[in-house]
Novice: 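Next up is a structure, given as C-alpha cells.
Numbering of ligands and ligand atoms starts at 1, following listing order. From a predicted model like this one, the values you see are computed outputs, not experimental measurements.
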Amino acid sequence: MKDLRCPLCRQPLQLNPQGLACENRHQFDRAKEGYFNLLPVQNKHSREPGDAKEQLQARRQFLQAGFFDPLKQRITSLIPQQTQTLLDIGCGEGYFTHSFANALPDAQVYGVDIAKAGVRLAAKSAADKNRNVFAVASSFDLPFADQSLDVVTRIYAPSKDAELWRVIKPNGLLVIVAPAENHLLGLRQQIYAEVRPHGAPVTPAGFGLVAQERLTLGVEIKEKALCRALLSMTPFAWRLAAALRVQIEDEGLVDQLDFGIYTYQRLDHL
Ligand SMILES: C[S@@+](CC[C@H](N)C(=O)[O-])C[C@H]1O[C@@H](n2cnc3c(N)ncnc32)[C@H](O)[C@@H]1O
Ligand SMILES: [Zn+2]
C-alpha cells in the first residue's frame, strides 16, 4: 500500500494494526469489511455522496445477470500483464476491479469510489484484502502519491485530468470506458424527440490516445425485475413517462449496449 498518501497532509501512509497512518499521526481505521475511509469530511459535499443505494443495487442486479461480462473480459484483456499497480476510479461494487485483480495476481490493485455503500460491497468480496485495496475517496483528490500507478481505469465515472496525470507513472496508461453512439438507443428514442449521439470523450490533458475500440452488444431483457433494474441505473430513464415505464417493465426490452473503450498514454507534459 506504499502508493497511498494521506488525504490531509499528503505524506505517505503506512499500514498499522488499526489501519493506515501518516507521520503526522493522521489515522484512518480499517472498516471490518477491509476498506479505508480516505475522504476528509471537508471534501464530503453531501451526507451520502456518489451513487445512491438504489442505483447501486440496480446496477449490481444488472451486472450479476451477466450483461456486462463481455465488456469486463474485453477491458481486462487490455491491461498489460506487467502492470504492478492499478487503480479503478469510481469502482462501485468492484465488478471490474475484481476482474483486474484476478488477472494480475502479483499486482497491487486499488479501487476508489466516493459512495461508501459500493466500496463496502467491493471490499467484502475481495479475495486478498491487502493486495486488492478499496477506499472511499474522491477522484478529484486522489489519495495516491505522484507517479505511483501503472494503469488507471475509469468506467463510467467522473475524474479530473490533472489528478489522473499526477498519479499515473510516466508512459503509464489510462483506460476510459464511456457510452458510444448507440448505447440504449431504443430507450433514448422513446424518451427524446431528437436523440443526440454520444460523442467520443475529449482526450484528457497530458495524455495521448493510443487505441480505441467499440463493443456493441444486443440485449434482450424479459424479466420485469431486470427491466426495472436497468431503468433505475440509467441516469436519463427518470424522464420516461410513467405509462411507458410500466409498459417496458411488462413487455421487456430489446436494445443495444454500446461502449467506447479508449486507451491513453501519459505524456511528459500536462
Ligand atoms: C455508473 S457507476 C460505475 C461503477 C463501476 N465503475 C461499474 O461500472 O460498475 C459510477 C460510479 O462513480 C462514483 N462516483 C461519482 N462521483 C465520484 C467521485 N467524485 N469520485 C469517485 N467516485 C465517484 C459513483 O458513486 C458510482 O459508483
Ligand atoms: Zn497526514
Novice: Do Leu187 and Leu231 have side-chain heavy atoms sitting under 4.5 Å apart?
Specialist: yes
Novice: Within the structure provided, determine whether Glu220 and Lys222 are in side-chain contact (heavy-atom separation under 4.5 Å).
Specialist: yes
Novice: Does Asn16 form a side chain to side chain donor-acceptor pair (under 3.5 Å) with Gln27? I'd like the steps, not just the answer.
Specialist: CA-CA 9 Å; Asn16 61 31; Gln27 171 75 32; 2.9 Å; yes
Novice: For Ala137, take its heavy atoms, then give the atoms of ligand 1 lying under 4.0 Å from any of them.
Specialist: 20 (N), 21 (C)
Novice: Under 4.0 Å from any heavy atom of Cys91, which atoms of ligand 1 are there?
Specialist: 5 (C)
Novice: Can you find a heavy atom in the side chain of Glu163 that is under 4.5 Å from one in the side chain of Val152?
Specialist: no
Novice: In ligand 1, which numbered atoms sit nearer than 4.0 Å to a non-hydrogen atom of Gly90?
Specialist: 3 (C), 4 (C), 5 (C), 6 (N), 11 (C), 12 (O), 22 (N)
Novice: May I ask you to list the atoms of ligand 1 that are less than 4.0 angstrom from any heavy atom of Ala115?
Specialist: 25 (O)
Novice: Angle class for the Tyr110/Phe144 ring planes (parallel below 30°, perpendicular above 60°, tilted otherwise)?
Specialist: perpendicular
Novice: Can you list the atoms of ligand 1 that are under 4.0 Å from a heavy atom of Ala157?
Specialist: 12 (O)
Novice: Under 4.0 Å from a heavy atom of Phe140: which atoms of ligand 1 are those, numbered in the order shown and with their elements?
Specialist: 19 (N)
Novice: With a 4.0 Å heavy-atom cut-off (strictly under), which part of Pro158 contacts ligand 1: side chain, backbone, both or neither?
Specialist: side chain
Novice: Distance to the ring centre below 6.0 angstrom and angle to the axis at most 45 degrees; does that hold for Arg59 and Tyr156?
Specialist: yes
Novice: So is Asp113 in contact with ligand 1, going by heavy-atom distances below 4.0 Å?
Specialist: yes
Novice: Which heavy atom of the protein is the closest neighbour of atom 22 (N) of ligand 1, given with residue, atom name and distance?
Specialist: Ile114 N, 3.3 Å
Novice: How close does the nearest protein non-hydrogen atom get to atom 18 (C) of ligand 1, and which residue and atom is it?
Specialist: Ser139 OG, 3.4 Å
Novice: So that I can tick it off, tell me whether Arg228 and Glu249 are bridged by a salt bridge, with the cut-off set at under 4.0 angstrom between side-chain N and carboxylate O.
Specialist: yes
Novice: Is there a polar contact, in the sense of an N or O pair closer than 3.5 Å, between Tyr156 and ligand 1?
Specialist: no
Novice: According to ring pair (Phe, Tyr, Trp, His ring centres under 6.0 Å), who are the partners of Phe68, at least two apart in sequence or on a separate chain?
Specialist: Phe62, Phe259
Novice: Return yes or no for this condition: an N or O of Tyr95 is under 3.5 Å from an N or O of ligand 1.
Specialist: no
Novice: Can you tell me which portion of Arg59 lies within the under-4.0 Å heavy-atom range of ligand 1? Options are side chain, backbone, both, or neither.
Specialist: side chain
Novice: Between Arg166 and Asp141 (salt bridge meaning N to carboxylate O under 4.0 Å), is one present in this structure?
Specialist: no
Novice: Side-chain contact test, heavy atoms from C-beta onward, threshold under 4.5 Å: evaluate it for Arg266 versus Leu174 and give yes or no.
Specialist: no
Novice: Return the set of protein N, O or S atoms whose distance to the Zn ion (ligand 2) is under 2.8 Å, each given as residue and atom.
Specialist: Cys6 SG, Cys9 SG, Cys22 SG, His26 ND1
Novice: Please list, in number order, the atoms of ligand 1 under 4.0 Å from a heavy atom of Phe96.
Specialist: 7 (C), 8 (O), 9 (O)
